[in-house]
Amino acid sequence: MGGTIRIEMSLAGALLSGDVRALARAISLAEDRDPQASQLVAEVQPHTGNAYLVGLTGAPGTGKSTLADALVKVIRDRQQTVGVIAVDPSSPFTGGAVLGDRIRMSRHTLDKGVFIRSMGARGHLGGLAAATREAIHLLDAYGRDVILVETVGVGQSELEISTICDTVVLVLMPESGDAVQSIKAGILEIADVFVINKTDLGGAEKTRRLIQDAMGLGPKQAWRAPIVLASAAKEEGIAQVWDAVRAHQAYLTESGTLATRRQQRLKQEVMALVADRAREDARRVLDGDTAVGRRVRENQNGKLNPYALAEEVLDQRASQGGS
Ligand SMILES: Nc1nc2c(ncn2[C@@H]2O[C@H](COP(=O)(O)OP(=O)(O)OP(=O)(O)O)[C@@H](O)[C@H]2O)c(=O)[nH]1
Ligand SMILES: [Mg+2]
């Protein structure tokens, strides 16, 4: 029909007008690391900044997806629209097809106030953080009141989530040892709200005391992260979880910390973009027909000085950038 190009050109407009297929397509472009996605984000940027971003993180299997599903219901009951992004670095799946999450969340599929999307690495290692940030901007511009971002707490991702979201909810479960692990790894500090999930299994009080004691050892904070006991599967304590998030939001707003957090976030995002670009440029210089590239490729004995080579690459970049 020859309509593809017209659709392409109006993708931003369609997204802003509330076309859910345009949103899904835009997020797929972000996931593919297609430059069109960055263009789109730039275009819709004036319409962003209204969504409240909530991160759900924690060890595998603690019930983050189940909690997200239960929270969606509470948020909808309170007349707010919501977008959910489930970030799964281990998944090569495309188009938001992490089946488990899909099925679990399927009761919301007919509700236009709910948009759920899984994001996998799609073979672009390291690109997932950038893709997630873009997806958040797109959902924000689309007009969602709340965006929930689920990340599995492995390695750095927990620390990263605090640079992406306004409120970080750390999901733990009783008797699993993950609370102890989190304490040891210094992860407690990133939590604005603790949720001890699966309280129906028992042992939650012990875990609560463990966290309380660990928190007591740390420096006094202006915001004392509350510990909420919940059972996502039984939908118990979920309203309390959401109330705790809203209380943290109120604290951030009244103390002026929200603005600082968002400045930090912008700074982090810019630094990440600069680092990505620099890495790409360096790769191009080293793989290209350049003196420094040739020397690295022809090197046999490993006796070249990497610092000097890095300087050369940076010089090369600077001279290329000037042309
Ligand atoms: N007993 C009990 N089981 C729960 C509760 N919440 C979640 N589960 C179960 O725990 C398992 C893991 O739940 P998910 O919601 O997939 O956990 P997750 O943290 O999203 O898992 P990953 O995304 O794989 O890290 C599922 O079998 C859930 O049914 C709860 O409150 N009580
Ligand atoms: Mg999950």
Side-chain angles (χ1 to χ4, degrees), residues 31 53-75 82-109 114-122 128-129 131-132 135-136 147-161 164-165 167-182 185 187-188 190-191 193-208 211 227-242 244-245:
E31 207 178 22
L53 310 187
V54 181
L56 301 176
T57 192
T62 49
K64 299 175 294 295
S65 297
T66 314
L67 179 64
D69 177 65
L71 279 173
V72 163
K73 188 160 174 284
V74 172
I75 294 164
V82 57
V84 183
I85 302 174
V87 185
D88 187 353
S90 66
S91 167
F93 287 104
T94 59
V98 173
L99 207 57
D101 292 315
R102 269 293 171 81
I103 291 169
R104 213 169 289 132
M105 303 262 194
S106 62
R107 64 169 162 166
H108 303 297
T109 46
V114 180
F115 179 89
I116 294 161
R117 177 63 184 254
S118 299
M119 311 234 346
R122 273 203 182 190
L128 191 54
T132 303
I136 289 170
I147 302 173
L148 301 179
V149 184
E150 177 190 339
T151 58
V152 185
V154 279
Q156 289 199 316
S157 63
E158 271 153 318
L159 305 174
E160 213 169 66
I161 192 84
I164 288 179
C165 290
T167 296
V168 175
V169 177
L170 183 61
V171 185
L172 304 164
M173 56 187 195
E175 307 280 7
S176 65
D178 65 323
V180 178
Q181 278 302 324
S182 301
I187 282 159
L188 294 197
I190 67 148
V193 173
F194 291 99
V195 173
I196 302 175
N197 189 38
K198 307 197 187 185
T199 49
D200 54 298
L201 298 179
E205 269 310 322
K206 196 174 150 211
T207 308
R208 187 218 291 268
I211 297 167
I227 305 170
V228 185
L229 270 51
S231 169
K234 294 190 182 304
E235 297 189 50
E236 287 165 9
I238 310 304
Q240 285 79 353
V241 172
W242 191 239
V245 170

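Order of listing sets the numbers, starting from 1, for every ligand and every atom in it. Index from 1, following the sequence.
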Next item on the list: With heavy atoms under 4.0 Å as the rule, classify the contact between L201 and ligand 1 as side chain, backbone, both or neither.
Entry: side chain
Notebook entry, point to check: Which part of N197 is near ligand 1, with near meaning a heavy atom under 4.0 Å away: side chain, backbone, both or neither?
Noted result: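 For N197, only side-chain atoms sit under 4.0 Å from ligand 1.
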[X]: numbered ligand 1 atoms lying under 4.0 Å from its heavy atoms:
X    : result
T66  : 6 (N), 7 (C), 13 (O), 14 (P), 15 (O), 28 (C)
D200 : 1 (N), 2 (C), 30 (C), 31 (O), 32 (N)
S65  : 15 (O), 18 (P), 20 (O)
P60  : 25 (O)

Notebook entry, point to check: Nearest non-hydrogen atom to atom 3 (N) of ligand 1 belongs to which of E236, K198, K234?
Noted result: K198
Checklist line | Residue selection (non-hydrogen contact nearest atom 22 (P) of ligand 1) among A233, G61, G58 | finding: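 That would be G61.
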Next item on the list: Measure the distances from the heavy atoms of M173 to every atom of ligand 1 and state whether one is below 4.0 angstrom.
Entry: no
Checklist line | Partner of I238 under side chain to side chain contact (heavy atoms under 4.5 Å, CB included), chosen from V195, L71, V72, V228 | finding: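 Among V195, L71, V72, V228, the one that satisfies the side chain to side chain contact (heavy atoms under 4.5 Å, CB included) with I238 is L71.
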Margin query: Quick check: G63 and ligand 1, any N/O pair under 3.5 Å apart?
Written below: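 G63 vs ligand 1: N/O contact under 3.5 Å present.
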Margin query: Below the 3.5 angstrom mark, is there an N/O of L67, backbone or side chain, next to an N/O of ligand 1?
Written below: no
Notebook entry, point to check: In chain order, what residues pass the side chain to side chain contact (heavy atoms under 4.5 Å, CB included) check against E236, with sequence neighbours excluded?
Noted result: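 With neighbours one apart ignored, the set is S231, K234.
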Check: Is the distance from the Mg ion (ligand 2) to some N, O or S atom of S65 under 2.8 Å?
Finding: yes
Item checked: Side-chain donor or acceptor of T151 paired with backbone N/O of V87 under 3.5 Å -> no
Checklist line | Main-chain N/O of G58 paired to K64 side chain as donor or acceptor, under 3.5 Å | finding: yes
Margin query: Restricting to side chain to side chain donor-acceptor pair (under 3.5 Å), what partner residues turn up for E205, sequence neighbours left out?
Written below: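 If we apply the side chain to side chain donor-acceptor pair (under 3.5 Å) test to E205, skipping adjacent residues, the hits are R208.
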Note to self: With heavy-atom distances below 4.5 Å as the criterion, would you say the side chains of D200 and K198 are in contact?
What the structure shows: yes
Check: Looking at side-chain heavy atoms only, is the closest gap between D69 and H108 below 4.5 Å?
Finding: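 Yes; the side chains approach each other to less than 4.5 Å.
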Next item on the list: Would you give the length of the straight line joining atom CG of L148 to atom CG of L53, rounded to the nearest 0.5 angstrom?
Entry: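 Result: 9.5 Å between the selected atoms.
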Next item on the list: With rounding to the nearest 0.5 Å, note down the distance linking CG in L170 to CD1 in I227.
Entry: 10.5 Å
Next item on the list: Would you mind naming the N, O or S atom of E150 nearest to the Mg ion (ligand 2)?
Entry: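 Closest to the Mg ion (ligand 2) among those atoms: OE2.
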